[in-house]
Amino acid sequence: MMKAILILATACAILSGCSTSASRMAACESQGVSRDACYIADQNRQSAINAAAEKQALENANALYSNKTDQTHHHHKNANGEGY
């Protein structure tokens with residue numbers, strides 16, 4: 001059981017990229033880049049990630065609902081056998 005938890009935690013760490021905004025800022029600044037430039041770069045990185053996620057979500061929703069909207073319109077019959 002403990003081994004499974006360790007494997008799951010390792011997978012999550014790998015998938016998350018193992019870096020925080022603070023650690024990315026520190027790494028950027030340690031290369032001699034100004035704090036302002038590092039902040040802007042980190043904001044741009046986050047914006048790009050969000051834009052890609054939003055684009056994928058919209059594509060997924062479009063694929064899911066486009067099949068439903070392609071169906072022809074149909075009428076139900078009422079008690080008299082007439083469509084409405």
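What's counted below: heavy atoms across the whole structure, side chains too, no hydrogens, waters or symmetry copies.
Identified under the side-chain hydrogen bond (donor to acceptor under 3.5 Å, both in side chains) test for residues 31-41, with sequence neighbours left out: Glu29-Arg35. Applying the side-chain hydrogen bond (donor to acceptor under 3.5 Å, both in side chains) rule to pairs touching residues 46-55 yields Gln46-Asn50, Lys55-Glu59, sequence neighbours excluded.
Here Leu58 is tied to no hydrophobic group at all, with no ILVMFWY side chain closer than 4.5 Å. Using a 4.5 Å cut-off between side-chain heavy atoms of Ile, Leu, Val, Met, Phe, Trp and Tyr, Ile49 forms no hydrophobic cluster with any other residue.
Asn60 meets the side chain to side chain donor-acceptor pair (under 3.5 Å) test with Gln56; sequence neighbours excluded. Judged as a side-chain contact (heavy atoms from CB on, under 4.5 Å), and not counting sequence neighbours, the contacts of Cys28 are Val33, Cys38.
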